[in-house]
Amino acid sequence: MRDPYEVLGVPRSANAAAIKSAYRKLAKKHHPDNNQNDPRAAEHFAEINTANEILGDEDKRKQFDRGEIGADGKPRFQGFPGGGASGPRGRAGPGGFESYTFRSGGAGPGQGGGAFEDILNSMFGGGQRPRPGAGGAGQFEFDTGGIGVDLDLNVAMTVSLEESVQGGEKRVRLPTGKELNVKIPVGVVSGQQIRLKGQGETAQGHPPGDLLITITIAPHSFFKVEGADLRIDLPVTLYEAVLGGKVRVPTLGNAVELSVPKNTSSGRTFRLKGKGLPKAGGTGDLFVTIRIMLPDGNDAELEALMEKWRDQHPYNPRSGLG
């Protein structure tokens with residue numbers, strides 16, 4: 001994963017307020033709801049959240065700066081304490097790790113090789129294996145089963161708006177080729193992650209990793225999502241707008257009837273309470289915006305009527321625009 005400072009675009013000297021501000025701007029800009037045509041939006045949004053979880057927490061930020069945790073927030077292996085004439089000799093390696101070589105034999109006065117091997121046994125549970133070295137000394141290779149290895153798998157899943165509201169089950173294919181049926185919880189939102197324990201990658205001597213599924217809600221054919229609210233453009237006829245009447249409005253549940261008042265202009269918006277998406281403490285609303293649609297093709301009778309109306313009842317709806 002990328003350096004969290006790089007992800008948020010802040011210098012290492014940035015204070016808490018600058019980090020918070022950078023996170024809010026990026027989260028708003030890259031939220032999956034605002035980037036529904038970008039298949040990687042959910043992944044980028046998750047990366048921003050992870051960076052903020054580290055830099056936005058004072059203790060975690062200090063741990064990261066000291067090299068104790070990585071960009072994913074997981075502990076890093078820091079090498080072994082100690083040192084001295086017969087102790088381990090380390091050199092810096094990639095990723096902040098240190099490479100150590102231990103030698104047995106040839107110990108100086110008062111430094112028995114067997115005692116040192118006992119220490120290694122206690123540290124590694126007997127996992128070291130001697131390898132012949134020059135001069136009769138032995139070099140040890142270690143079973144690094146206790147060192148953290150990232151075996152988690154990250155995949156993206158796109159669900160429909162109806163599936164996000166009602167829940168359900170969907171099949172996902174992993175990079176390993178394995179396929180799983182995943183239960184979609186009711187009320188899932190874009191950017192949310194589903195964790196399946198033990199369904200990640202495997203490696204000998206390590207517990208299996210987890211599967212992290214980042215959810216993206218697919219664009220709907222006529223509903224637009226705004227938080228827990230929904231918006232829809234509702235086409236009406238010219239005579240429905242002029243004379244008024246009841247029109248059918250689709251919702252995520254059963255359709256409802258909306259009473260359109262007489263002389264309703266295009267662009268007028270009505271709110272249907274409780275017809276939006278589930279949220280903490282209730283449900284969002286559905287906002288219905290009227291769009292007057294004329295019939296297809298030329299209608300000589302309608303044109304004649306409008307010409308008569310224009311001559312007898314002239315008005316200028318743009319008079320307030322200057």
Side-chain angles (χ1 to χ4, degrees), residues 28 30-39 41-42 45 156-172 181-194 213-303 305-306 309 317:
K28 183 177 181 180
H30 296 286
H31 194 285
D33 286 348
N34 300 327
N35 299 272
Q36 296 183 354
N37 294 325
D38 183 0
F45 185 68
M157 174 189 285
T158 300
V159 301
S160 68
L161 184 59
E162 289 82 1
E163 287 172 329
S164 74
V165 173
Q166 302 165 5
E169 192 171 84
K170 201 174 182 74
R171 197 161 184 83
V172 62
N181 288 326
V182 178
K183 185 177 181 181
I184 303 168
V186 174
V188 70
V189 297
S190 279
Q192 183 174 335
Q193 284 192 326
I194 301 173
I213 304 172
T214 302
I215 297 295
T216 298
I217 298 178
H220 199 273
S221 55
F222 43 83
F223 287 122
K224 182 180 179 182
V225 179
E226 292 184 356
D229 296 328
L230 296 175
R231 288 189 176 273
I232 184 174
D233 288 340
L234 183 68
V236 299
T237 64
L238 180 59
Y239 54 82
E240 285 172 332
V242 174
L243 302 176
K246 292 184 179 295
V247 295
R248 182 176 176 273
V249 181
T251 72
L252 287 178
N254 296 322
V256 298
E257 284 193 336
L258 172 67
S259 293
V260 178
K262 292 181 179 181
N263 299 318
T264 294
S265 297
S266 193
R268 184 173 178 180
T269 299
F270 300 87
R271 181 174 70 170
L272 300 181
K273 297 189 69 174
K275 294 300 182 180
L277 302 177
K279 64 179 181 178
T283 307
D285 302 326
L286 172 61
F287 291 88
V288 182
T289 300
I290 298 297
R291 302 296 181 197
I292 299 174
M293 303 295 292
L294 297 179
D296 294 334
N298 297 325
D299 189 316
E301 186 177 355
L302 177 61
E303 291 174 5
L305 177 62
M306 290 298 100
W309 177 268

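No experiment lies behind these values; they were computed from the predicted model shown. Just so it is clear, the values below take in all heavy atoms, side chains as well, and ignore hydrogens, waters and symmetry mates.
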Identify the two heavy atoms, one from Q192 and one from P185, that lie closest to each other, and give their separation to 0.1 Å. NE2-CG, 4.4 Å
Over 12 foreign heavy atoms within 6.0 Å of CD, E301: no
Should N181 and R171 count as side-chain neighbours, where that means a heavy-atom distance under 4.5 Å? yes
F222 and H220 aromatic ring geometry - parallel, tilted or perpendicular at 30°/60° bounds: perpendicular
If I take atom CE from residue M157 and atom CD1 from residue I213, how far apart are they, to the nearest 0.5 angstrom? 4.5 Å
Working to the nearest 0.5 angstrom, can you tell me the gap between T283 OG1 and L277 CG? 9.0 Å
Please tell me if the side chains of V249 and F270 come closer than 4.5 Å, counting only heavy atoms from C-beta onward. no
If you take all heavy atoms of D299 and L302, which pair is closest and at what distance? OD1-N, 3.0 Å
Heavy-atom side-chain proximity of V189 to S164 below 4.5 angstrom: no
What heavy-atom pair brings P250 and F223 nearest, and what distance separates the two atoms? O-CZ, 3.5 Å
Under the side-chain contact (heavy atoms from CB on, under 4.5 Å) rule, what do V236 and M293 come out as? Steps first, then yes or no, please. CA-CA 6 Å; V236 299; M293 303 295 292; over 6 Å; no
Is there a side-chain contact between T237 and I292, using heavy atoms and a 4.5 Å cut-off? no
Got a list of side-chain donor-acceptor pairs under 3.5 Å for residues 226-233, not counting sequence neighbours?
from	atom 1	to	atom 2	distance (Å)
E226	OE1	R231	NE	2.9
E226	OE2	R231	NE	3.4
D229	OD1	D285	N	2.8

Determine yes or no for a side-chain-to-main-chain donor-acceptor pair under 3.5 angstrom, with Q166 supplying the side chain and E163 the backbone. no
E240 vs V247 side-chain heavy atoms within contact, under 4.5 Å: yes
So how far is it from L252 CG to N254 CG, rounded to the nearest 0.5 Å? 11.0 Å
Can you name the nearest heavy-atom pair linking L234 to R248, along with the distance? CD1-O, 3.8 Å
Whether over 12 other heavy atoms sit under 6.0 Å from M306 CE: yes
With a 4.5 Å cut-off on side-chain heavy atoms, are V165 and V186 touching? no
Pairs meeting criterion side-chain hydrogen bond (donor to acceptor under 3.5 Å, both in side chains) with involvement of residues 258-275, two or more places apart: K246-S259, T269-T289
With sequence neighbours excluded, what pairs up with T251 under the side chain to side chain donor-acceptor pair (under 3.5 Å) test? none
